[in-house]
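Input: a single structure, listed below in structure tokens.
Each ligand, and each atom within it, is numbered from 1 in the order the structure gives.
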Amino acid sequence: MLALAHAARDSAAMDGDLRHDWTRGEVATLFALSFNDLLFQAQSLHRKYFNPGEVQISTLLSIKTGGCPEDCAYCPQSARYDTGVKAEKLMALDSVLKEAEAAKARGASRFCMGAAWREPKDRDLDAVCGMVEGVKKLGLETCATLGMLTGDQARRLKNAGLDFYNHNLDSSPDFYGDIITTRTYEERLETLAHVRSAGIHVCCGGIIGMGESEDDRAGLIATLACLDPHPESVPINALVRVAGTPLAEEPPVDAIDFVRTIAVARITMPKSMVRLSAGREEMSDETQALCFLAGANSIFYGPKLLTTPNPDSDRDQTLMARLGLKPMAL
Ligand code: SF4
């Protein structure tokens, strides 16, 4: 039965759902569809590739908080901004494993470890590899986000058992320079290529609400959808406006615009997990429900997303029960 389902999915993909040649203009045309048409298309594709009643749950732990030398304008962990986030040392292995066990008990199937580095030093990577091995032994999928990687570092993480590496593009190539000046878009793409060549799944998305234009949003999605293969996970974040960061005074993201972005990501990357990520805390239950209807099928779960708040587990469980959604099994 499962083989038949996979065969049906693959033949559907051959029919042209899976493309890697999206132009910004085509993506902009999707954004401009009527809301109902856009959601219908997104939900129809979603049902072709996924069980619409399931949501994959990931938990994100900051294993090394603050003090980052980069200047990402949205980030409270940059040492350049006065946000009240204190620089901490890399967490100890046993503390990380305790958090991973607790995440598993709450229903998480994937455990993501985030470190506020420009790039990991080799001795730090030894420690992270130990964490990956330990989390993997608990029966969880493993994910890390550690900044830029060399090819060799990516291979070491793969050998330790890393399943996913998160490295976001954040924005369109054109808007990127307004947000980050300490590393280039090309360097991001290079890290993604190292991750891919090492055989690690890619988790890569962006942030909405940083002052970008509609055309920039189309540019971000087009860039992601032209990666071949598509990132297996596509986190779509709504900017969390943290006091002290340069983007603290940006207006909040319009909920309908956010849902549209989720839907366009689903249509252009139909087999990827589209993750409703940062910014959920500020979203109403109704907005989140529309995001699920638009094809989001993954969330971060737990009280904190690195250093910014996330809805508490009770609110998530209640919402999932109201919507009839179940955690996706591994
Ligand atoms: S987003 Fe990552 S790289 Fe950028 S400042 Fe924050 S921790 Fe550093």
| Under the criterion salt bridge (charged side-chain N to carboxylate O under 4.0 Å, His left out), which of R280, R322, R106 is the partner of D316? |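 It is R280, the one option of R280, R322, R106 that forms the salt bridge (charged side-chain N to carboxylate O under 4.0 Å, His left out) with D316.
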| Should L276 and F292 count as side-chain neighbours, where that means a heavy-atom distance under 4.5 Å? |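 Contact flag for L276/F292 side chains = yes.
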| Of all the heavy atoms in R183, does at least one lie under 4.0 Å from an atom in ligand 1? |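 Per 4.0 Å heavy-atom rule, R183 contacts ligand 1.
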Does a sphere of radius 6.0 Å around [atom1] in [X] hold more than 12 heavy atoms from other residues, nucleotides or ligands, not counting ones at 6.0 Å or beyond?
X    : atom1 : value
D228 : CG    : yes
E26  : CD    : yes
F35  : CZ    : yes

| query | How far is atom 6 (Fe) of ligand 1 from its nearest protein heavy atom, and which residue and atom is that? | reply |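 Looking at atom 6 (Fe) of ligand 1, the protein heavy atom closest to it is C75 SG, 2.3 Å.
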| query | Nearest protein heavy atom to atom 4 (Fe) of ligand 1, by residue and atom, and its distance? | reply |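 Answer, as residue, atom name and distance: C72 SG, 2.2 Å.
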| What atoms in ligand 1 come closer than 4.0 Å to a heavy atom of C68? |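 Counting from 1, the qualifying ligand atoms are 3 (S), 5 (S), 7 (S), 8 (Fe).
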| field | Those atoms of ligand 1 less than 4.0 Å from some heavy atom in A116 | value |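 Ligand 1 atoms under the 4.0 Å threshold to A116: 7 (S).
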| query | Looking at atom 2 (Fe) of ligand 1, is any protein heavy atom nearer than 4.0 Å to it? | reply |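 Given the 4.0 Å cut-off, atom 2 (Fe) of ligand 1 does not count as touching protein heavy atoms.
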